[in-house]
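To find a chain, count down the sequence lines: A is the first, B the second, and so on, and within it residues start at 1.
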Protein chains: 2
Amino acid sequence: MEYKFVIIDHALEIYVGAIALIFTILGIWLALKLNKPKLQTVLVEKEIYIQKQEPGFVPDDAMLLKMGISKREWEVLSLMSQGFSNQEIANQLFLSLNTVKTHGSNLFFKLEVKRRTQAIEKGKRLGLIG
Amino acid sequence: MEYKFVIIDHALEIYVGAIALIFTILGIWLALKLNKPKLQTVLVEKEIYIQKQEPGFVPDDAMLLKMGISKREWEVLSLMSQGFSNQEIANQLFLSLNTVKTHGSNLFFKLEVKRRTQAIEKGKRLGLIG
DNA sequence: GGTAAAATCACCCAAAAGTATGAGTGATAA
DNA sequence: TTATCACTCATACTTTTGGGTGATTTTACC
């Protein structure tokens with residue numbers, strides 16, 4: 001009952017309000033529609049640090065031979081030094097994760113180190129990687 | 001009373017025992033003394049590859065500032081690049097393992113990398129470490 | 001053809017690394 | 001005084017690494 005009266009008493013106001021709302025929305029819609037082609041290009045600068053990879057680096061074959069490091073082991077070491085995980089190395093060389101681990105273990109043994117970071121450090125010192 | 005009788009009754013045995021003990025010890029001491037020069041010196045040649053560490057390397061302060069890397073974070077990065085484990089770094093810097101991990105995580109975030117090996121690689125490229 | 005080294009992969013287990021979150025302190029700047 | 005920041009540390013959890021072992025398959029060479 002009470003709601004009914006309210007509605008009847010303020011029918012006009014409600015009506016006006018509804019119209020206002022509708023046209024407000026219409027206005028917004030129009031504005032958006034018309035503004036669409038006003039595409040603005042925002043330039044975002046993203047600094048990329050290019051790898052200053054030794055351009056003409058050549059691994060020390062004599063040292064590789066001396067340490068008894070095989071081709072595959074060297075490849076793994078090289079990728080490790082570039083920050084790749086074992087899984088990523090496996091993907092790149094089309095090997096299983098286990099194989100990469102095996103190469104890694106053999107590598108560590110031959111280089112007499114315990115961790116990949118040490119292997120990288122020693123590999124660079126010995127001129128095995130660039 | 002009883003103890004007294006025991007001592008008197010076996011005075012001789014006790015005396016002999018004491019002598020035996022003393023000379024046993026003397027014998028042992030002598031043997032050790034005479035055996036000392038038996039030490040043999042073995043010379044083992046071990047090849048050491050000296051780190052061709054940049055002699056006068058200076059971290060790029062501007063880059064450090066740019067990347068927002070703090071002193072502690074830089075220290076951790078530097079030790080990481082030398083092949084130390086988090087635990088070893090913690091010991092050297094008198095920090096807890098967890099603190100080193102925290103510094104590491106913040107470092108990786110700032111360098112936009114996911115692993116210590118990548119952090120090392122990027123750190124070198126940016127001239128943060130030698 | 002036999003043999004040795006290299007390469008491949010599996011499985012299991014343990015250790016190290018890394019993530020997420022919260023929190024306390026001291027120094028310093030607004 | 002509040003706000004910020006570097007530094008410290010903790011707990012809990014997930015992922016990655018590394019060690020050990022064993023096995024099969026290439027590859028290269030005599």
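For A:Ser105, the side-chain atoms get nearest to D:dG19 when compared with the rest of C:dG18, C:dC9, D:dG19. Checking C:dA10, D:dT17, D:dG19 against the side-chain heavy atoms of A:Ser85 singles out D:dT17 as nearest. In this structure, the nucleotide among C:dA17, D:dT8, C:dT19 sitting nearest to the side chain of B:His103 is D:dT8. For A:Ser96, the listed nucleotide lying nearest its side chain is C:dC9; candidates were D:dG19, C:dA7, C:dC9. With C:dC11, D:dG19, D:dT17 as the choices, the nucleotide that has an atom nearest any side-chain atom of A:Asn86 turns out to be D:dT17. For A:Arg116, taking side-chain heavy atoms from C-beta onward, the closest of the listed nucleotides C:dT19, D:dG18, C:dC11 is D:dG18. Distances from the side chain of B:Thr99 to the nucleotides D:dA6, D:dG18, D:dT8 place D:dT8 closest. Considering only the side chain of B:Thr102, D:dC9 comes nearest among D:dC9, C:dC9, C:dG18.
When each of B:Leu93, B:Asn86, B:Thr99 is checked for a side-chain contact (heavy atoms from CB on, under 4.5 Å) with B:Val76, only B:Leu93 meets the rule. The side-chain contact (heavy atoms from CB on, under 4.5 Å) test with A:Phe108 is passed by exactly one of A:Lys114, A:Lys122, A:His103, A:Arg116: A:Arg116.
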What nitrogen or oxygen pairs link the protein and nucleotides 26-30 of chain C at under 3.5 Å?
none

For nucleotides 13-15 of chain C, which of its nitrogen or oxygen atoms have a protein nitrogen or oxygen under 3.5 Å away, and what is each distance?
none

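A donor-acceptor pair under 3.5 Å is absent between the side-chain atoms of B:Lys110 and the main chain of B:Ile69, judged by distance alone.
In this structure, the NZ atom of A:Lys71 is 10 Å from the C1' atom of C:dA6, given to the nearest Å. When the P atom of D:dA23 is taken as reference, atom CG of A:Asn98 falls 16 Å away, rounded to whole Å.
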